[in-house]
Amino acid sequence: MYQYDPQQIEPQWQAHWEKTRLYSVTEDATKPNYYALEMFPYPSGDVHMGHVRNYSIGDVVSRYKRMRGYNVLHPIGWDSFGLPAENAAIKQDSTPGSWTYANIDRQRASLKRLGFSYDWDRTVVTSDVEYYGWGQWIFLKLWQMGLVERRSSPVNWCPSCKTVLANEQVLGDGVCWRCKSPVERQELEQWFFKITDYAQELLDDLDTLPGWPERVKQMQANWIGRSVGAEIDFTLCDAAGEPTDETITVFTTRPDTLFGCSFFLLAPEHPLVREFVVDTEHEVAVTRVVEYSAAATAVERSKGEREKIGAFTGRYVLNPINGRKVPIWIADYVMMDYGTGAVMAVPSGDQRDFEFARTYDLPIPPVVVPEDDSLYQQLATQQERVRDDVPWQTAYDGPGSMVQSGTFTGLPGGKGSAGADAVVARLQELGVGRPTVNFRLRDWLISRQRYWGNPIPAIYCAHCGIVPVPEQDLPVILPKDVDVAKGETLASRPEFYEVSCPVCGGSAHRETDTMDTFTCSSWYYLRYTDPHNPALPFARETVDGWMPVDQYIGGIEHAILHLLYSRFFTKALRDAGLLGFDEPFTNLLTQGMVKLNGEVMSKSKGNVIAPEDMIVRYGADALRLYILFMAPPDKDLEWSQEGLEGIFRFVNRVWRAVFDLLGETVFDEEGNQLSVYDESLDAVAASARGKELNRELHRVIGKVSSDIDRFNFNTAISAIMELVNTVSAYLKVPVALRDAELTARAARSLVLLIAPLAPHMAEELWHSVLGCEGSVHLQAWPEHDPSQAVDDTVELAVQVNGKVRARIVVAADAADAAVREAALVAVATVLGEKPVRKVVVVPGKLVSVVV
RNA sequence: GCCCGAGUGGCGGAAUGGCAGACGCGGAGGUCUCAAAAACCUUUGUCCUCUGGACGUGUGGGUUCGACUCCCACCUCGGGCACCA
């Protein structure tokens, strides 16, 4: 026997796999395809434990599926555009490109040292012009389809990153996703992808993804935020209070409460506000509210705990259902960017309106009341409004009966009620309202005022306006030498932006904004299927052959961002005729984080355990096994050095067990004999242990298979540990009494079982120790026979009134009646004189006696 | 406020409604050794009146012969959304 030395065997096999292109994949009609994908890394520095976890999971799945007979596509690449490269370049006085590519080289070396089974010929690097040029091509496609718009809008500006951000890149507490600075709202002209065109489909198709975690689907559904309701047109009155031809439209989810509208609200930023109050007695008060809201940060305003501030504008609208004149106020709590920026206030049914009405002493007519409320007794059949206040401390927004609501009185009210439908139907007849669905999702702002990104292929011409770069002029090449350390951007490079207009030929100006990096990561998985295609981003037939991704693995932090954008891209490219499927990722696994003492490992906290250090001490196989063993993949993992040492012991036990199974006497490094034989075992005892080992082999093969199928890698490894424990017990049998067929089969099965999990050790044992031909990673997964996984006899627990009182051993195939008899005998003393009421026999498990 | 997810030994974690705590870590004891390390063996939920027994999966109920698992109500923690009309 020679010693287990991962530093020796791991690099050796890695080199061999690379030389023989073991993991290269091409189309193969004889096998089913399987596409295993892990979220590609951002090359920000060294590979960290989160990467190790992510890619170890994907690697096990890939290797297992390969052994199961699939043609497996398992690619890797780098998401290499983005701001950190600029920040690093400024700090180190270099360029974003040189920093990025140096990091890619380092990370590539680390990933190779970990032994992942990637097809390196398919590597995609998003900052390579061979990739981002096609990103521009796709941009033009979307533009042709009407999915690209440049328009002015209130947007999020990060003062620290000096760029605008998409809504998805502003975290819940109003801070930048990257640098955590509070974002500012500014009205700016920017580029958008019209993801809202797909809002309904993006929501509906979540139901077609049973292989996604509920949590992620829920988060996307929340983000898309669909509300069903109605638009209602209120007639605007002029300064003298007389009706005009103009209307102001509101969105409401509660049309059933329309009779309870006692005032009307506009957002402070609403364009009509200024016009209403200029040079009137209301100007001062209204302006004060406008300034008050403008001064509030997004964080403050979204907290929802601010005092309800507002002011009367002096103008009125008419309620279309009953012609009542109601005053128009502005209110700080009304948002310009949701619905229409105008709200019908129903203080009896909405808590915010209720508080506002109490503050400014406005009427609170009840219109939907629960039937057990005293108001219901008074108003049950009351059609006219006779009551303008409620005896309540809060608004009531639950289901109830409509009152004071004209001919609708008596109908059920509440969200989505028959009363609501009836009111909308009437409004529709009158031509002053219609059912509507409103989404919270906003269009995706994709322009960034940064250098290190994909240039937006657009040109501004004084005569022709904004024109796309013609397809034949692609790619727009990002200049390599922009000196961000000196504050340069694309806008400081005339040779980049001075161009002639492709339409009129006159002098024009190239767009100097780049695209959000998330545009790059929204289709990289498509390019992997056809990475070297010089004529197209990917050929339809090729991409349809591999896609959708069978198993996608990555962090939960992309639950909305990357995963929503990729779904949008897939649907848009489908509609462009480039793809033949609706969703990019059939199954999604969101892996948990790797923590140390309960905290996320991070450079700034200084609590990073470097994978490289662990590889040097224990090897890549032990590190990978450890990280898969310590927790289920979707849960957070608490780092434990002792745990890793335990796994290292296990790996060594496997190593020695294989030698010992081959009949070698095993010694440790110092020459101490580790094989210990129990000379008291005779042929009969040896045979019994052999039977047990055979059973365990069949059981564990079945268990590991089903565990890997369900991503229970931790229990798969536990099962292999149990097998090794059983093997160890068998190895007490002196060599002369062993069953040669059994030991050979056990050694072979053990190596095959551990191959996806500890690929280097398995390969070394397979070749150099078992002397088998061909890579272990190309072998068929071991078969098992469930009927051989069970013993001839089983021990059953006997319960009396739910408590275990005895155990009996019976033949595995014993008839229920016989088991019942044996059980009753076994608990006879416990039962005493008590009459037996019922006996339940669960074959193979237990017998339950009820007295 | 709305919506998800999770609560099991000293620790990480196991359990298609069927013997709770697999497997590993840690602890205790032992074998080998001059000694130690390594390795191996035994043991390890809590409590008690200890060859046995009681209790035990966040809390309180329920369904069931039988509940960590299913149902109802609640508590705590984590996450998402949120002055969303």
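Given the structure is predicted, the values throughout are model-derived calculations rather than measurements. Every chain is numbered from 1, with letters handed out A, B, ... down the list of sequences.
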Undergrad: Measure CD/Q220(A) against C1'/rC4(B) and give the value in whole Å, please.
TA: 14 Å

Undergrad: Looking at rA22(B), rC19(B), rG80(B), which one has an atom nearest to any side-chain atom of E722(A)?
TA: rA22(B)

Undergrad: Give none if rA38(B) has no partner; otherwise give the nucleotide forming a Watson-Crick or G-U wobble pair with it, both distances under 3.5 Å.
TA: none

Undergrad: Among rC83(B), rC23(B), rC19(B), which is the nearest nucleotide to the side chain of E795(A)?
TA: rC19(B)

Undergrad: Between R649(A) and rC25(B), does any side-chain N or O lie under 4.0 Å from OP1 or OP2?
TA: yes

Undergrad: Once you apply the 3.5 Å cut-off to both distances, tell me the Watson-Crick or G-U wobble partner of rG17(B), or none.
TA: none

Undergrad: Check the angle between the aromatic planes of W329(A) and Y360(A) and answer parallel, tilted or perpendicular using the 30° and 60° thresholds.
TA: tilted

Undergrad: Provide the Watson-Crick or G-U wobble partner of rU33(B), both distances under 3.5 Å; none if there is no partner.
TA: none

Undergrad: For D636(A), answer base if it contacts any base atom (sugar-phosphate contacts may also be present), sugar-phosphate if it contacts only those atoms, and nothing otherwise; contact means non-hydrogen atoms under 4.0 Å.
TA: sugar-phosphate

Undergrad: Picking from rA54(B), rA14(B), rG12(B), which would you name as closest to the side chain of T715(A)?
TA: rA14(B)

Undergrad: Can you find a side chain N or O atom of K415(A) that sits less than 4.0 Å from OP1 or OP2 on rA85(B)?
TA: yes

Undergrad: Report the distance from atom CG of N712(A) to atom C1' of rU16(B), rounded to the nearest whole Å.
TA: 13 Å

Undergrad: Scan every strand shown for a Watson-Crick or G-U wobble partner of rC11(B), both distances under 3.5 Å, and answer none if you come up empty.
TA: rG24(B)

Undergrad: Under a 3.5 Å cut-off for both distances, is rC81(B) Watson-Crick or wobble paired, and to whom?
TA: rG1(B)

Undergrad: Which base sits across from rA6(B) as a Watson-Crick or G-U pair, both distances under 3.5 Å?
TA: rU76(B)

Undergrad: Whom does rU57(B) pair with, Watson-Crick or G-U wobble, provided both distances fall under 3.5 Å?
TA: none

Undergrad: Any donor-acceptor pair, under 3.5 Å, between the side chain of K845(A) and the base of rC19(B), if you only look at N and O atoms?
TA: no

Undergrad: I need the CD-P distance between Q218(A) and rG80(B), as an integer number of Å.
TA: 14 Å

Undergrad: Keeping R689(A) on the side-chain end and A729(A) on the backbone end, is there a donor-acceptor pair under 3.5 Å?
TA: yes

Undergrad: In Watson-Crick or G-U wobble terms, both distances under 3.5 Å, what is the partner of rU64(B)?
TA: none

Undergrad: Are N714(A) and rA14(B) close enough that a side-chain N or O sits under 4.0 Å from OP1 or OP2?
TA: yes

Undergrad: Look at the aromatic rings of F659(A) and Y2(A) and report parallel, tilted or perpendicular, splitting at 30° and 60°.
TA: perpendicular

Undergrad: So, is N652(A) close to the rA38(B) phosphate, meaning a side-chain N or O under 4.0 Å from OP1 or OP2?
TA: no

Undergrad: Please round to the nearest 0.5 Å and tell me the distance separating atom CG of D233(A) and atom OG1 of T249(A).
TA: 4.0 Å

Undergrad: Taking the minimum atom-to-atom distance to the side chain of E214(A), which one of rC4(B), rG18(B), rG26(B) wins?
TA: rC4(B)

Undergrad: Evaluate whether atom CZ of R215(A) has more than 12 neighbouring non-hydrogen atoms of other residues, nucleotides or ligands under 6.0 angstrom away.
TA: no

